[in-house]
Structure formats: structure tokens, C-alpha cells
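Starting off with a structure, shown below.
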Amino acid sequence: MAFRCQRDSYAREFTTTVVSCRPAELQTEGSNGKKVLSGFHVVLEDTLLFPEGGGQPDDRGTINGISVLRVTRRGEQANHFTQTPLDPGSQVLVRVDWERRFDHMQQHSGQHLITAVADHLFKLKTTSWELGRFRSAIELDTPSMTTEQVAAIEQSVNEKIRDRLPVNVRELSLDDPEVEQVRGRGLPDDHAGPVRVVSIKGVDSNMCCGTHVSNLSDLQVIKILGTEKGKKNKTNLIFLAGNRVLKWMERSHGTEKALTALLKCGAEDHVEAVKKLQNSTKILQKNNLNLLRDLAVHIAHSLRNSPDWGGVVVLHRVAEVLEGKGAGTKGRFQGKATKMSRRTEVQALLQDYITTQTTKE
């Protein structure tokens, strides 16, 4: 069964019926660590909210104004986690978080396009992909890629976007001979019903459960940010599609303006200006270290010749008593302390040690 969100990815709200509502828990992870929320799994006759799958995260939205915090697929049904129960048999209005949905549509359709072009131009096969919060990555079955290959793929996918190629979704029966000709990495073990095929006209046909744009023009643009070393001789191709490109440009422009104000030069000179600052910092650090060494020698001589010299003079105190960390070698101890309020106690311990050693001698 295909959900309403799969049959019409552009629908933003619709009315359906609650089938069941049972107690459930949801484990979340945030800045304060893991947390378990108590709530309910709501099953609807149909849903506008996509359950996670096919590399695509789940949708967010509301049911009768109640926030849906997670959507997961269970066979032919979708579980909607809410913290408020809903009555089975009641009619409800489902609304999708459209900004999140459309972003996922752009990234997912963009992945299909890049995957097809990489395969067509350079026989580079996609082994997996990840739709991240800020950028997406396609894992290609190759240990490396040249800058020329990356540039050629980016140019080709954007040409196809400008060609306004249509994207359509079909459902095929499992015994349809065409299923064997469609690209894909296999069906889930609990798959039931027809096979869903997403096709980009003249470019690609692929088994997929996700939500997609209906025309490549809705992708607006694709920017490939570069490559990263992947697992087991694989290469990750990092990309942005659609609105993410605009947000990336906005952030980059803001950073550029800030650097221009700080460095007092145009954007084209930022790199050279930073290099000069780095070189100056290295020279200053070296000079500072030399001065500190000279100062340490001077202080040591002054303390040793002081009439108050009694074997122990405390300038820096690092020990277990001070909850410090460090190491000693050749009669010298260096480290950091976090509890300086006990330094008098440490000084007494050191003085006692010196006195004991002097008595032994």
C-alpha cells in the first residue's frame, strides 16, 4: 500500500480516520542526553506524513493540531507518535510540516539524479546515501574521484534541471517483468503490495518509497561541495539541492562580510590575509616562549638567592591535593590544578618533605 504522502507528495493537509491508539514510548536524544518520552502510537486509515525509509527521514506535522514527534512504518501501517491520545473512529485533520517535507523531496530527488548521472558518465555505482540535516552524502563505489569528474557531474545534473525533465511515480506488481530492469538495492523483508518506481524521464528508473518532486525544475539547483574519503575504498560525494544551496550561500556571504570587516580587505584577499596572521602568530608565540624561558631562569636565581629560601618556594602548585593533572621528570613537575584553595596544605606537605629529607641527610 502506498500512503497518501507517496501518492501526492505535494499535498499539505487532508482528513482521515483514526484506526487505533495505544500507549508507547519514544527515545529521544538532545543536548541534555537521551530521554524517554511517554505517549501513544496512533494509526490512521491513511497518512500524509512519510514514515522514515529509503534513506529519507520521517516527516513532522500535526493531527488535529497535536504535534507528531515521530513517524515509523510497520508493515502496511504507519505509527504516529504523539503525547496526546486520539479516539479510534474519529475524523482528524492531518497537516505536514511543508518546509521540512519539500526539503526532503529536493534532496531525495537530487540524490536520484546525481546517482544516475554518475553511473552514466563514469560507471560509478551508488552503494548508499544519507540525507543529513544540513548536507547530504552519496557513497560511491570508488576509492577516489577527480575534480574533473565532480565538475562534469555537477554540470550535467544542472543541465537536466534546466531541461525541466518530469519525474513520475508508478506502481508495478511484484511479478511484472519490468521490475527486474529497474535499478534498486532490493525490497525490505516486510514489503507488501506493489513495487513503487520513481522515474526521471530519459535518465533513470529506481525502486523507491520516498517523496519526490514532480519535475526537476523544482530542484532549482544542485551544488556538489566536494568529496570525502568513505568506508572500505568508497568515496562520499557531498551535495546540496534547492533551498539548501540558497541557505548555504546566505551563510557563506555572512561569513565573508564578517571576515572583510575583521581583516580590512576584500574577499579575494582573505586567504592571504589569514596566512599572514598565522605567520605573525607563530613568530609571536616563539618570541613569547623565549621570553618565558628567560624569565623562569631569572626568577629561579632570584628565589634561590633570597634570604627567605627554605628549600621550598611555591609559584605553581600541581598535586593530587589540588585535583591537578600533570607529570614529573628529572626533579621537575608540570601540570594544571583545579582546586587552588588547598595550596597552603600542599605547601606544608612540600615543606615537611624537604625537612624530612634534610634530617635524613
Side-chain angles (χ1 to χ4, degrees), residues 1-109 131-133 169-174 187-198 207-214 218 243:
M1 168 186 172
F3 298 119
R4 174 66 185 272
C5 56
Q6 295 170 306
R7 300 194 304 274
D8 182 6
S9 297
Y10 287 82
R12 303 191 187 193
E13 65 176 56
F14 91 129
T15 301
T16 187
T17 303
V18 177
V19 173
S20 64
C21 179
R22 56 186 176 83
E25 290 185 339
L26 175 66
Q27 183 170 295
T28 63
E29 190 167 356
S31 57
N32 297 324
K34 293 182 179 180
K35 184 179 180 181
V36 177
L37 301 178
S38 297
F40 304 87
H41 273 158
V42 177
V43 176
L44 307 174
E45 278 189 359
D46 199 353
T47 185
L48 200 64
L49 306 182
F50 177 76
E52 57 189 0
Q56 179 176 325
D58 54 335
D59 280 336
R60 294 290 182 271
T62 60
I63 302 175
N64 274 3
I66 298 168
S67 295
V68 176
L69 305 182
R70 186 68 53 82
V71 190
T72 54
R73 187 175 67 88
R74 186 182 180 190
E76 294 186 353
Q77 295 181 328
N79 286 332
H80 306 74
F81 184 88
T82 67
Q83 291 188 282
T84 302
L86 289 158
D87 295 328
S90 62
Q91 293 286 303
V92 291
L93 177 65
V94 182
R95 286 194 173 101
V96 66
D97 178 342
W98 176 246
E99 183 177 356
R100 177 183 171 94
R101 157 68 67 77
F102 190 59
D103 171 59
H104 290 174
M105 289 165 61
Q106 288 185 318
Q107 309 317 308
H108 203 159
S109 296
L131 199 168
R133 288 183 60 195
V169 178
R170 295 176 296 146
E171 292 185 357
L172 303 177
S173 62
L174 275 172
L187 296 168
D189 294 336
D190 61 349
H191 175 81
V195 177
R196 191 166 178 265
V197 177
V198 177
M207 286 186 284
C208 182
C209 65
T211 58
H212 290 272
V213 299
S214 61
D218 273 354
N243 289 333

| request: Search all heavy atoms of Ala78 against all heavy atoms of Thr47 and return the closest pair with its distance. | output: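 What the structure gives for the nearest pair is CB-CG2, 4.1 Å.
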
| What's the spacing between Thr211 OG1 and Gln56 CD if we round to 0.5 Å? |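 Interatomic distance, Thr211 OG1 to Gln56 CD, rounded to 0.5 Å: 3.5 Å.
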
| request: Scan residues 90-99 for pairs that pass side chain to side chain donor-acceptor pair (under 3.5 Å), counting only residues two or more places apart or in two chains. | output: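 Passing the test, one end in residues 90-99: Glu13-Arg95, Thr17-Gln91, Glu99-Lys247.
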
| field | Distance in Å, Gln6 CD paired with His212 NE2, rounded so as to fall on 0.5 Å steps | value |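 If we round to the nearest 0.5 Å, Gln6:CD and His212:NE2 are 9.5 Å apart.
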
| What are the two closest non-hydrogen atoms of Thr82 and Ser67, and how far apart are they? |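 Distance-wise, the nearest heavy atoms are CG2-O, 3.8 Å.
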
| query | For Ala11 and Arg4, which heavy atoms make the closest approach, and how far apart are they? | reply |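 Distance-wise, the nearest heavy atoms are CB-NH2, 4.1 Å.
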
| said: Test: salt bridge (charged side-chain N to carboxylate O under 4.0 Å, His left out). Region: residues 14-41. Which pairs qualify, not counting sequence neighbours? | reply: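 Residue pairs with at least one partner in residues 14-41: there are none.
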
| Shortest non-hydrogen separation from Arg196 to Gly210 and the atoms involved |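 That closest heavy-atom pairing would be NH1-O, 2.6 Å.
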
| request: Starting at CD1 of Ile66, measure out to CG of Leu86 and round the result to the nearest 0.5 Å. | output: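 Spacing of CD1 (Ile66) from CG (Leu86) equals 4.0 Å.
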
| message | Looking at every heavy atom in both Pro88 and Ser20, which two are closest together, and how far apart are they? | response |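 Residues Pro88 and Ser20, closest heavy atoms: CG-CA, 4.2 Å.
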
| Is it true that Asp58 and Arg100 make a salt bridge, defined as a side-chain N closer than 4.0 Å to a carboxylate O? |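 The answer is yes: the pair qualifies as a salt bridge.
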
| task | Answer yes or no: is there an ion pair linking Asp59 with Arg101, defined by an N-O contact shorter than 4.0 Å? | result |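 Salt bridge present between Asp59 and Arg101.
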
| query | Going from OG1 on Thr62 to NE2 on His80, what distance comes out if it is rounded to the nearest 0.5 angstrom? | reply |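 Answer for the OG1-NE2 pair, Thr62 versus His80, is 11.0 Å.
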
| Validation row: Asn243, Asp103 side chains within 4.5 angstrom (heavy atoms) |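 No, their side chains stay 4.5 Å or more apart.
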
| Phe81 side chain reached by Leu37 side chain, heavy atoms, under 4.5 Å |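 Leu37 vs Phe81: side chains touch.
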
| said: Could you walk me through whether Val19 and Leu44 satisfy the side-chain contact (heavy atoms from CB on, under 4.5 Å) test, starting with their C-alpha distance in whole Å, then the side-chain angles of each, then the deciding distance to 0.1 Å, before giving a yes or no? | reply: CA-CA 5 Å; Val19 173; Leu44 307 174; 5.7 Å; no

| task | Enter the distance from Met207:CE to Leu172:CG here, rounded to the nearest 0.5 Å. | result |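 One gets 9.5 Å once the value is rounded to the nearest 0.5 Å.
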
| message | Using every non-hydrogen atom in the two residues, find where Arg60 and Leu69 come nearest and quote the distance to one decimal. | response |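 What the structure gives for the nearest pair is CZ-O, 3.2 Å.
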
| Beyond-backbone contact of Val94 with Thr15, side-chain heavy atoms, under 4.5 angstrom |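 A side-chain contact is absent here, since even the closest heavy-atom pair is not under 4.5 Å.
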
| said: Counting C-beta onward and ignoring hydrogens, is there a side-chain heavy-atom pair between Thr72 and Arg74 closer than 4.5 Å? | reply: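 No - every pair of side-chain heavy atoms lies 4.5 Å or more apart.
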
| task | Look at atom CD of Glu52 and say whether more than 12 heavy atoms of other residues, nucleotides or ligands are closer to it than 6.0 Å. | result |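 Enclosed.
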
| request: Would you check if Val71 and Phe3 make a side-chain contact, meaning some heavy-atom pair closer than 4.5 Å? | output: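 No, side chains not in contact.
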
| What is the distance from atom NE2 of His104 to atom OG of Ser109, rounded to the nearest 0.5 Å? |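 Between His104 NE2 and Ser109 OG, I get 12.5 Å after rounding to 0.5 Å.
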
| task | Please examine the side chains of Asp218 and Phe102, heavy atoms only from C-beta on, and report whether any two atoms are closer than 4.5 Å. | result |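 The answer is yes; the side chains approach within 4.5 Å.
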
| message | So His108 and Cys208, do their side chains get closer than 4.5 Å, heavy atoms only? | response |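 They are in side-chain contact.
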
